[in-house]
Amino acid sequence: MANVTVIGAQWGDEGKGKIVDWLASRADAVVRFQGGHNAGHTLVVGDQVYKLSLLPSGIVTGTLSIIGNGVVLDPWALKAEIEKLTAQGVEIDADNFAIADNCPLILPLHRDLDGLREQAAGAGKIGTTGRGIGPAYEDKVGRRAIRVCDLAHLDALDSQLDRLCAHHDALRAGFGQPPVDREALINELREIAPYVLQFAQPVWKRLNQVRKAGARILFEGAQGVLLDVDHGTYPFVTSSNTVSGTAASGSGLGPSSTGFVLGIVKAYTTRVGSGPFPTELEDEVGQRLGERGHEFGTVTGRKRRCGWFDAVLVRQSCAISGVTGIALTKVDVLDGMEKVKICTGYRLRGKVLDYFPSHAADQAEVEPIYEEMDGWAGTTAGARSWADLPAQAIKYIQRVQELIETPVALVSTSPEREDTILVRDPFVD
Ligand code: IMP
């Protein structure tokens with residue numbers, strides 16, 4: 001298995017950035033296959049910190065970086081992110097960066113709609129990142145999206161714009177908003193088109209070429225399995241499939257190419273936005289996890305909700321995504337705790353469940369069943385081998401592995417690339 005697919009196995013924010021960066025430094029190509037600039041990946045390389053939302057993490061190391069067709073692309077956010085990275089000394093050109101020409105665009109009208117809906121929903125809001133992700137995916141499957149390839153044919157866009165605007169004008173009217181300003185939209189597209197088109201190509205073709213040449217491909221997932229539109233905590237989810245299978249459909253390579261599935265798992269649980277969270281801690285323990293783990297959203301700056309590790313959820317994510325092995329992150333946040341808890345099942349109206357039910361009301365009502373373990377006094381931060389870890393921390397990791405029925409391939413012990421315990425190399429196995 002030469003290729004690796006990285007996905008988040010919780011609600012996103014598992015620390016994918018560092019792991020992906022470490023793998024990207026050994027890959028020949030890195031591909032984003034779903035989501036958009038709602039993602040937030042922080043890479044720490046030496047004394048430089050790079051914050052990526054849309055670009056694949058390989059871009060920082062100069063590795064061929066590809067935005068696949070499964071992504072929704074905001075052209076203006078793309079330009080801003082490229083300019084920010086260029087200012088940090090990263091070189092980005094058509095040799096090391098490509099965008100699928102069949103990728104749907106996020107337009108200002110999508111951002112508007114995202115905001116209008118969230119505002120109107122009040123307490124029932126999803127808590128989206130406000131980037132227009134959901135409305136853009138709706139237009140994709142509604143067959144009215146403007147795609148990257150359309151930017152080369154803006155003079156022939158009339159009938160597509162008719163369809164798109166008819167839909168959005170009706171929705172906007174419902175919110176008391178004026179119709180879409182078609183002329184302003186087309187002018188904005190005309191202005192940004194050459195910038196995007198310099199990177200546009202049929203990336204399925206390029207990827208198949210590099211695959212045939214024996215390249216190592218890294219598929220970089222965004223968000224997490226519990227935010228998957230089918231398998232997540234619906235409707236409190238994102239609008240794409242975040243599971244590993246999307247690596248194939250969202251890039252134009254078949255499922256046999258996706259290789260080792262590495263699930264990124266945080267040693268406790270966090271979530272941003274609304275929705276059920278059985279092990280959430282609204283006490284000083286949750287507060288402490290948030291402070292020690294610096295749990296603030298990379299994209300929106302929102303405070304993340306924190307709780308104990310939920311082995312039921314992660315076992316489910318690993319099964320659904322066919323996870324080969326996990327990378328466990330942020331164990332050091334638990335350092336110094338007297339006791340640590342792991343959720344091993346749920347109680348729902350007198351019944352014990354070993355899985356997370358699909359219905360939103362059941363998801364909100366389940367009560368976690370905990371197993372309590374002793375914590376550890378020493379530190380795990382910066383450990384690079386098992387021998388560097390306190391014995392009780394090893395016990396915790398082993399118990400996690402047992403309960404989720406999936407082996408640990410890596411343990412990440414700090415944001416630094418080198419602070420990693422490697423059990424099984426995803427690129428080699
Ligand atoms: P959207 O993707 O902006 O539509 O937001 C839908 C839900 O997914 C919200 O709960 C967001 O907080 C969450 N979400 C989206 N992207 C991320 C991410 O990269 N990390 C964590 N949560 C995310």
Side-chain angles (χ1 to χ4, degrees), residues 8-11 13-16 18-19 22 262-271 277-295 304-318 323-346 354 367-426:
Q10 290 152 314
W11 277 293
D13 310 316
E14 298 89 354
K16 288 186 286 296
K18 168 194 157 167
I19 308 287
W22 180 74
L262 184 68
I264 315 299
V265 175
K266 200 184 277 187
Y268 50 99
T269 314
T270 61
R271 162 161 219 178
F277 181 170
T279 61
E280 182 168 15
L281 294 166
E282 285 170 286
D283 55 8
E284 67 282 3
V285 180
Q287 183 88 9
R288 177 179 165 166
L289 289 173
E291 279 163 17
R292 293 197 49 150
H294 309 290
E295 298 295 354
R304 296 180 187 140
R305 300 154 66 193
C306 297
W308 293 119
F309 185 77
D310 189 333
V312 184
L313 284 179
V314 175
R315 182 167 63 228
Q316 192 156 323
S317 293
C318 287
V323 170
T324 322
I326 67 154
L328 191 66
T329 65
K330 297 182 101 164
V331 182
D332 59 295
V333 173
L334 301 177
D335 287 354
M337 289 190 133
E338 212 169 296
K339 297 280 178 194
V340 285
K341 289 185 186 179
I342 300 179
C343 169
T344 58
Y346 303 122
D354 64 355
E367 282 172 42
I369 300 169
Y370 285 118
E371 183 175 295
E372 192 176 78
M373 297 176 75
D374 286 336
W376 50 93
T379 178
T380 59
R384 296 182 183 186
S385 78
W386 291 112
D388 296 337
L389 295 178
Q392 197 56 33
I394 298 177
K395 270 196 194 160
Y396 180 79
I397 297 168
Q398 281 170 341
R399 188 64 185 135
V400 163
Q401 174 172 260
E402 224 168 69
L403 287 167
I404 65 171
E405 297 169 7
T406 310
V408 171
L410 309 169
V411 182
S412 158
T413 57
S414 97
E416 295 291 332
R417 218 189 247 182
E418 309 309 325
D419 291 341
T420 303
I421 302 171
L422 183 62
V423 183
R424 184 175 168 195
D425 189 335

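What you see is a predicted model, and the numbers here were worked out from it, not measured in a lab. Hydrogens, waters and symmetry mates are skipped; everything else that's a heavy atom, side chains included, is used.
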Hits for side chain to side chain contact (heavy atoms under 4.5 Å, CB included) against A377, two or more places apart or cross-chain, chain-then-number order -> none
I'd like to check the ring pair (Phe, Tyr, Trp, His ring centres under 6.0 Å) partners of W376; sequence neighbours left out, ordered by chain and number. Y396
Atom pair CG (L410) and CG (L328), whose distance is rounded to the nearest 0.5 Å: 10.0 Å
Holding to side chain to side chain contact (heavy atoms under 4.5 Å, CB included), I want the full list of residues that pass it with E372, two or more places apart in sequence or in another chain. K339, K341
For the side chain of Q392 and the backbone of D374, is there at least one donor-acceptor N/O pair under 3.5 Å apart? yes
I'd like to check the salt bridge (Lys or Arg N to Asp or Glu O under 4.0 Å) partners of R288; sequence neighbours left out, ordered by chain and number. none
Can you sort out the partners of T380 under side-chain hydrogen bond (donor to acceptor under 3.5 Å, both in side chains), two or more places apart, ordered by chain and number? D335
Note, V323 side chain near S317 side chain (heavy atom, < 4.5 Å): no
Quick one, I397 and W386 - any side-chain contact, counting heavy atoms below 4.5 Å? yes
Quick one: which residue pairs count as a salt bridge (charged side-chain N to carboxylate O under 4.0 Å, His left out) with a foot in residues 401-416, not counting sequence neighbours? R399-E402
For residues T279 and C343, report the shortest heavy-atom separation together with the two atoms involved. CG2-CB, 3.5 Å
Side chains of V333 and L289: does their closest heavy-atom pair fall under 4.5 Å? yes
Heavy-atom side-chain proximity of V314 to Q10 below 4.5 angstrom: yes
Going by side chain to side chain contact (heavy atoms under 4.5 Å, CB included), name the residues that satisfy it together with P415, two or more places apart in sequence or in a different chain. V44
Student check: side-chain heavy atoms of W22 and L422 closer than 4.5 Å: yes
For residues C318 and I326, report the shortest heavy-atom separation together with the two atoms involved. SG-CG2, 4.0 Å
Side chain to side chain contact (heavy atoms under 4.5 Å, CB included) partners for A311, two or more places apart: F309, I342, L403, I404
Here the gap from F277 atom CZ to T270 atom OG1, rounded to the nearest 0.5 Å, amounts to 6.5 Å
Going by side-chain hydrogen bond (donor to acceptor under 3.5 Å, both in side chains), name the residues that satisfy it together with Q398, two or more places apart in sequence or in a different chain. none
With sequence neighbours excluded, give me every salt bridge (charged side-chain N to carboxylate O under 4.0 Å, His left out) pair touching residues 304-314. D13-R304, E280-R305, E295-R304
Using side-chain heavy atoms (C-beta onward) and a distance below 4.5 Å, is I421 in contact with V408? no
Rounded at 0.5 Å granularity, tell me how far NZ in K266 sits from CD in E14. 7.0 Å
Just how far is it from atom CG of L281 to atom OG1 of T269, taken to the nearest 0.5 Å? 9.0 Å
What are the two closest non-hydrogen atoms of P278 and Y370, and how far apart are they? O-OH, 4.4 Å
Suppose the criterion is salt bridge (charged side-chain N to carboxylate O under 4.0 Å, His left out): which pairs have a residue in residues 375-395, not counting sequence neighbours? R384-D419
Between W308 and Y268, is any pair of side-chain heavy atoms under 4.5 Å apart? no
Roughly how far apart are E282 CD and C306 SG, rounded to 0.5 Å? 11.0 Å
Heavy-atom pair of closest approach, residues Y346 and L313: OH-CG, 3.3 Å
Is I19 close to I264 at the side-chain level, that is, under 4.5 Å between some pair of heavy atoms? yes
What residues form a side-chain hydrogen bond (donor to acceptor under 3.5 Å, both in side chains) with K18, not counting sequence neighbours? S412, T420
